[in-house]
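Values below: all heavy atoms of this structure, side chains included; hydrogens, waters and symmetry mates excluded.
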Amino acid sequence: MSRTNAPADPSDAGEPAQAFSRRSRAAQALGRIDPVTRGVVPPLHVATTFIRDPDNAYSSGFSYARPDNATVREAEAVLAMLEEAGAGALLFGSGMAAATAVFGALEPGDHVVAPNVMYWALKRWLREEGPRRGLAVDFVDAEDSERLRAAVRPGLTKLIWIETPGNPLWTVTDIAAAAEIAHAAGARLAVDSTAASPVHTRPLALGADIVMHSGTKILNGHSDVVAGVLAARESDAFWARIGAIRASGGAILGPFEAYLLMRSLRTLHLRAERQAAGAMALATRLGAHPHVARVLYPGLPDDPGHAVAARQMAGGFGYMLSIRVRGGEGAAIATAARVALWKRATSLGGVESLIEHRASVEGPGTPCPPDLLRLSTGIEDPTDLFADLDAALRAAHG
């Protein structure tokens with residue numbers, strides 16, 4: 001009787017009947033008041049097993065912790081609200097677990113279209129594991145709608161996967177156009193919206209069927225949780241299959257991690273807006289820097305994806321940008337080695353600003369130029385962030 005893929009019922013959480021904004025509802029974690037203590041912070045449920053009723057049923061809705069957990073349900077309810085997901089949301093133990101569950105729900109022989117510019121670990125998984133699972137995968141420049149359309153195989157393509165903005169070049173794909181292409185072919189559209197967050201983009205409202213996030217990134221934002229999120233527009237057999245994969249494979253997020261994630265979702269709007277404003281300020285100033293050859297950020301008016309981004313992003317253009325450093329790979333690595341306020345580490349979306357030479361991480365076959373540094377803008381003073389990076393750039397070229 002365990003609800004393996006159902007989010008918490010907002011009415012159970014004490015959600016007010018009034019149509020308050022997503023910002024207000026997220027800030028209060030849907031307004032739930034703990035019925036036992038009357039606390040305003042939802043409790044942490046860590047039990048792994050539950051008592052049966054005298055008639056052998058589970059009237060609580062919980063039987064065992066591998067497929068389901070009350071704290072996870074509550075966090076899923078907040079995420080489903082943020083994404084306006086009609087079918088709810090599912091939390092996984094990592095972004096990769098969430099993404100691969102989508103591909104795992106396909107059938108052998110199905111064809112998938114994916115972008116050339118995307119999260120490297122997932123692209124590598126599709127290249128190596130996709131064929132082993134009987135999937136045919138084609139990678140295209142998804143920011144070009146005509147190339148995306150041409151990559152579809154009528155009758156065979158079952159999923160179009162896009163990532164926008166696309167890590168680490170921050171290419172922008174037209175979600176509405178991609179949805180039209182997918183649906184015309186009888187396929188689903190899934191969108192990795194990690195770099196945008198629900199604050200700036202809502203793919204389901206633009207026609208996508210599934211939206212995915214690495215919850216490790218800005219949704220959590222404190223570099224202390226690894227998590228993945230899927231949310232769906234409609235409940236169907238495919239969505240049920242994804243839920244079954246999570247349940248049978250034990251891929252659910254742990255309750256403590258879900259508790260921390262829900263804590264972070266309450267400040268998501270504040271962090272996302274500040275980080276996007278900081279990224280925009282940095283992109284503008286770095287565009288005029290003598291040691292920066294190019295800034296990649298969809299918020300800049302001359303960025304190739306700016307017009308599409310302006311249509312489908314609201315309140316900012318995200319917290320991620322990249323710079324191409326004059327002097328090539330050596331100068332880029334030397335710059336990353338000389339920062340003080342920026343932290344030289346992988347991942348993104350945290351309150352601390354991070355810098356990384358991505359080509360070193362991704363290795364052969366990467367679309368990432370060797371002179372590129374990926375910048376994840378945190379909540380520090382943008383003036384300080386620019387001064388630190390400016391000093392590092394000048395030192396690397398001195």
Matching residue for L189 among D209, V211, L206 - test: side chain to side chain contact (heavy atoms under 4.5 Å, CB included): D209
Would [X] end up clustered with [Y] when hydrophobic side chains under 4.5 Å apart are linked, directly or stepwise?
X: W170; Y: L148; answer: no
X: L219; Y: V72; answer: yes
X: V137; Y: V191; answer: no
X: L169; Y: V325; answer: no
X: L135; Y: V152; answer: no

May I ask you to decide if [Y]'s main-chain N or O and [X]'s side chain share a donor-acceptor pair within less than 3.5 Å?
X: R338; Y: L393; value: no
X: H200; Y: A196; value: no
X: W239; Y: A237; value: no
X: H269; Y: A27; value: no
X: Y297; Y: T284; value: no
X: D303; Y: L300; value: no
X: H289; Y: H291; value: yes
X: D110; Y: K158; value: no
X: R25; Y: R22; value: no
X: T71; Y: H45; value: yes

Are F20 and Q28 close enough, and set up right, to give a side chain to side chain contact (heavy atoms under 4.5 Å, CB included), and what steps lead you there? CA-CA 11 Å; F20 294 122; Q28 292 195 5; over 6 Å; no
Distance (rounded to the nearest 0.5 Å) between [X] [atom1] and [Y] [atom2]:
X: L372; Y: L296; atom1: CG; atom2: CG; value: 6.0 Å
X: F62; Y: T49; atom1: CZ; atom2: OG1; value: 12.5 Å
X: L268; Y: R263; atom1: CG; atom2: CZ; value: 12.0 Å
X: T335; Y: H357; atom1: OG1; atom2: NE2; value: 10.0 Å
X: R241; Y: S248; atom1: CZ; atom2: OG; value: 7.0 Å
X: L261; Y: T216; atom1: CG; atom2: OG1; value: 9.0 Å

Are [X] and [Y] close enough that some pair of their side-chain heavy atoms sits under 4.5 Å apart?
X: I218; Y: V199; answer: no
X: H306; Y: P298; answer: no
X: M81; Y: L30; answer: yes
X: V308; Y: T164; answer: no
X: E128; Y: R124; answer: yes
X: I210; Y: I242; answer: yes
X: S223; Y: E352; answer: yes
X: R246; Y: L230; answer: no

Which atom names give the shortest non-hydrogen contact between [X] and [Y], and what distance separates them?
X: A178; Y: I160; value: O-CD1, 4.4 Å
X: G88; Y: A80; value: CA-CB, 3.8 Å
X: R266; Y: P42; value: NH1-CD, 3.7 Å
X: R324; Y: P369; value: NH2-CB, 3.5 Å
X: L44; Y: P255; value: CD1-O, 3.3 Å
X: L82; Y: A26; value: CD2-CB, 4.0 Å

Could you walk me through whether R38 and I33 pass side chain to side chain contact (heavy atoms under 4.5 Å, CB included), step by step? CA-CA 6 Å; R38 307 302 291 164; I33 303 300; 3.7 Å; yes
Please identify each residue that fulfils side chain to side chain contact (heavy atoms under 4.5 Å, CB included) with S264, with sequence neighbours left out.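 Result, side chain to side chain contact (heavy atoms under 4.5 Å, CB included) vs S264: N220, H222, R271.
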Using a distance-only test with no angle check, is there a side-chain donor-acceptor pair under 3.5 angstrom linking [X] and [Y]?
X: N167; Y: R358; value: no
X: D174; Y: S145; value: no
X: T366; Y: W120; value: no
X: H111; Y: D138; value: yes
X: E356; Y: T346; value: yes

Do NZ/NE/NH1/NH2 and the carboxylate oxygens of R73 and E76 come within less than 4.0 Å?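 No salt bridge links R73 with E76.
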In terms of side-chain geometry, is the basic nitrogen of E163 or K123 positioned less than 4.0 Å from the acidic oxygen of its partner?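 No, no charged N to carboxylate O under 4.0 Å.
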Is atom CZ of R127 surrounded by more than 12 heavy atoms (other residues, nucleotides or ligands) closer than 6.0 Å?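 Atom CZ in R127 is packed in, count exceeds 12.
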Show your reasoning for whether side chain to side chain contact (heavy atoms under 4.5 Å, CB included) applies to D371 and R294. CA-CA 10 Å; D371 60 0; R294 185 182 172 194; over 6 Å; no
According to the interplanar angle, ranging from 0 to 90°, do the rings of Y259 and F256 count as parallel (below 30°), tilted (30 to 60°) or perpendicular (above 60°)? parallel
Full working for salt bridge (Lys or Arg N to Asp or Glu O under 4.0 Å) between R374 and E362: CA-CA 12 Å; R374 187 181 73 179; E362 298 184 6; 5.8 Å; no
Set of residues satisfying side chain to side chain donor-acceptor pair (under 3.5 Å) with respect to E257, sequence neighbours excluded: none
Within 45 degrees of the axis of the six-membered ring of F103 and under 6.0 Å from its centre: does R133 put its NZ or CZ there?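 Checked: cation-pi criterion not met.
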Stepwise, does the side chain to side chain contact (heavy atoms under 4.5 Å, CB included) test hold for V339 with L389? CA-CA 6 Å; V339 293; L389 193 53; 4.2 Å; yes
